[in-house]
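Reading through the structure tokens given below for one structure.
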Amino acid sequence: MKKYFIQVFVTTLLISGCQSRYYTMDDFGSVLKIDSHVHIRSADSSFEKQAEDDNFLLITLNVDHGDSADIRIQQDFAALSAERFPGRVFFGPTFFFDTAGWGAEEWSRRVTDQLEKDMNAKGVITVKIWKNIGMTVRDRSGKFIMADDPELDPVVEFIKARGLPITGHLGEPRNCWLPLDQMTVSSDSNYFAEHPEYHMFLHTEYPSYEDQIKARDNLLAKHPDLKFIGCHLGSLEWNVDSLAKRLDRFPNMVVDMSARICHLQYQTAQGRKRIRDFCIKYQDKLLYGTDAGYSGSNNPDRFKNGMHETWIDDWKYFTTDDEMTSDKFHRKFTGLKLPKEVVDKIYSQNAIKWYKLDIN
Ligand SMILES: [Zn+2]
């Protein structure tokens with residue numbers, strides 16, 4: 001009888017030992033996490049303070065919306081934040097894609113001169129390039145300038161020589177090339193309804209989805225030693241198998257999940273094991289991120305609470321097997337409950353490694 005009790009006791013210990021392979025909701029605050037894709041455009045530090053409260057580090061990325069003055073403003077906000085929160089905030093400058101002088105050597109020299117200055121700021125860890133390459137900027141003949149254009153090579157070489165990776169949002173979700181009512185998630189259909197200029201279904205004269213992916217792939221094939229962080233699941237958010245093919249082909253490519261976790265959840269609703277297996281197989285190549293932006297607010301607490309909720313909700317998806325819903329599509333899905341070591345890589349170690357973050 002006594003022996004039976006001992007066995008039960010040992011079995012209980014073993015089971016609780018197994019359970020500790022996984023985080024719970026209670027671990028959210030104690031585990032170091034990195035949101036590797038945000039946009040800080042304010043000096044009021046609300047975003048940074050919420051990050052402190054929730055044990056997050058932040059990587060804020062500047063974007064070339066086609067407004068050179070605005071890029072200077074973004075640079076100032078990012079540099080100020082990294083200066084005030086050393087070891088907590090890091091950033092990626094960008095460059096203004098002015099097509100004046102395109103095709104002549106002076107073009108790349110102008111870009112690299114500016115980058116050289118911007119890289120001197122504290123906390124610079126990457127250079128960001130954006131979807132204007134491939135979707136907006138055109139050469140003098142009207143042809144779209146794509147990511148694999150040889151004229152961009154001197155800029156790529158310059159960034160590589162400085163030991164920095166490139167963080168690239170190139171292309172768009174595949175939904176962008178579909179009519180609004182066929183898009184899989186409402187975050188896309190809402191965005192493209194508001195931004196018809198980016199809704200490629202309406203612009204058949206623009207490069208196709210496949211053209212965008214091909215240009216990015218060509219860029220990586222040309223620069224196999226370039227460390228490249230593909231934003232938004234590398235614009236292959238719609239199908240993890242398609243993404244896996246690129247991650248296999250390009251050992252120096254990793255992806256952030258920013259603004260595309262709903263696409264992983266959408267695919268989880270169709271088949272959880274496939275997505276869970278993908279996250280485990282590619283655990284060294286995935287970086288957590290939200291794409292949350294903050295430009296100041298007269299109600300900063302509302303932003304802070306919303307940020308906290310987003311981070312909590314994502315933690316639930318990756319660490320538990322709770323049944324969940326999304327406001328972006330209608331099906332229920334079950335959390336992935338990834339092992340601790342996988343969660344640690346996705347939530348911090350991969351960003352530390354690929355962005356070479358100095359967190360001490
Ligand atoms: Zn972004």
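Any value given below was found using the heavy atoms of this structure, including those in side chains, with hydrogens, waters and symmetry copies removed. We count residues from 1, following the sequence as given. Read the numbers this way: they start at 1 and go in the same order the structure lists the ligands and their atoms.
- Between F47 and F303, the ring center distance clears the sub-6.0 Å criterion.
- Alongside L180, the hydrophobic cluster contains V63, W130, M183, Y191, F192, Y198 (criterion: ILVMFWY side chains under 4.5 Å).
- Ring-centre distance between H232 and H37: below the 6.0 Å cut-off.
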Which atom pairs, donor and acceptor, lie under 3.5 Å between side-chain atoms of residues 86-103 and protein residues at least two apart or in another chain?
| from | atom 1 | to | atom 2 | distance (Å) |
| --- | --- | --- | --- | --- |
| R88 | NH1 | F56 | O | 2.7 |
| T94 | OG1 | K128 | O | 2.7 |
| D98 | OD1 | A100 | N | 3.0 |

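- Remark: K356 engages no residue in a side-chain contact (heavy atoms from CB on, under 4.5 Å) (not counting sequence neighbours).
- Protein N/O/S atoms found under 2.8 Å from the Zn ion (ligand 1): H37 NE2, H39 NE2, D291 OD1.
- Put simply, the side chain of P165 reaches to within 4.5 Å of the side chain of Y355, judged on heavy atoms.
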